[in-house]
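Let me begin by presenting the structure, written as structure tokens, before commenting on it.
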Amino acid sequence: MSRRMGRPVRAPDLSGSGFRLVGGRLVATPNGPAGMFLYQATDGARVAMLVRPMEIDKTASMRRRVEGATEGYAWADRGLGYSMVSAQGAEGLARLSREARRQAVQAPV
């Protein structure tokens, strides 16, 4: 992922919030390669996080997004865009997103 995206990319550790990393994949988007990480809680709840290089809005504050039955949070930091999504009403999605953002901001570039 890091090689294809041209910068260091790593999955946040969300185990302290009860979510374990199930896996990650390099995925194609209309804007080029992106990384997708999938997490699962012990109750079976799942969240996905997408990371991709940003052409514009290289730094953006966290915003909530709702589309149909999907809820998410999106932000950008130092040229990488992040989004975390789950089924609408997923308990703790805002908290998980803040934790992932905290780790991304602290990661070396």
Side-chain angles (χ1 to χ4, degrees):
M1 245 182 249
S2 295
R3 183 178 56 78
R4 289 294 306 272
M5 291 173 53
R7 23 193 329 185
V9 175
R10 64 184 180 122
D13 178 2
L14 302 177
S15 60
S17 298
F19 282 80
R20 69 178 175 83
L21 180 64
V22 176
R25 296 280 186 268
L26 183 67
V27 295
T29 74
N31 300 308
M36 184 180 74
F37 301 107
L38 182 63
Y39 296 87
Q40 184 170 328
T42 55
D43 67 1
R46 288 187 168 189
V47 298
M49 187 171 111
L50 188 73
V51 181
R52 72 175 183 88
M54 299 294 286
E55 294 289 324
I56 43 180
D57 290 335
K58 293 182 182 229
T59 300
S61 59
M62 187 178 291
R63 294 179 301 250
R64 181 175 183 253
R65 307 261 191 210
V66 177
E67 196 158 320
T70 304
E71 177 180 5
Y73 290 86
W75 68 95
D77 181 59
R78 297 175 288 171
L80 283 179
Y82 301 84
S83 57
M84 184 165 285
V85 297
S86 187
Q88 191 169 353
E91 188 175 330
L93 186 59
R95 179 179 39 82
L96 280 174
S97 298
R98 284 192 301 270
E99 176 57 22
R101 182 173 185 263
R102 183 189 68 75
Q103 289 182 36
V105 168
Q106 291 178 351
V109 189

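Start at 1 with the first residue, then count along the sequence.
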Matching residue for E99 among R101, R95, Q103 - test: side-chain hydrogen bond (donor to acceptor under 3.5 Å, both in side chains): Q103
Spacing of CZ belonging to R65 relative to OG1 belonging to T70, to within rounding of 0.5 Å: 13.5 Å
Shared hydrophobic cluster for V47 and Y82 (ILVMFWY, side-chain gaps under 4.5 Å): yes
Polar side-chain atom of T29 near backbone of N31 as donor-acceptor pair, under 3.5 Å: yes
Neighbour count above 12 (heavy atom, 6.0 Å) for R3 CZ: no
Closest heavy-atom pair and its distance - G44, Q40: CA-NE2, 3.8 Å
Backbone of M49 reached by a side-chain donor or acceptor of Y39 within 3.5 Å: no
Shared hydrophobic cluster, F37 / M62 (ILVMFWY, side-chain heavy atoms < 4.5 Å): yes
Cluster overlap L26 with V9, hydrophobic side-chain contacts below 4.5 Å: yes
Validation row: M1, V51 side chains within 4.5 angstrom (heavy atoms): no
Over all atoms of both residues, closest heavy-atom pair of M84 and A100: CE-CB, 3.8 Å
Separation of L93 CG from S17 OG (nearest 0.5 Å): 11.0 Å
Rounded distance [0.5 Å steps], CG in D43 versus CZ in F19: 6.5 Å
Heavy-atom side-chain contact between V27 and L50 under 4.5 Å: yes
Over all atoms of both residues, closest heavy-atom pair of L80 and P8: CD1-O, 4.2 Å
Sidechain-backbone polar pair: S86 side chain, R46 backbone, donor-acceptor under 3.5 Å: yes
Over all atoms of both residues, closest heavy-atom pair of W75 and S97: CH2-O, 3.7 Å
Distance-minimising heavy-atom pair for L21 and A11: CD2-CB, 3.9 Å
Minimum-distance pair of heavy atoms, taken over all atoms of A34 and R52: CB-CB, 3.7 Å
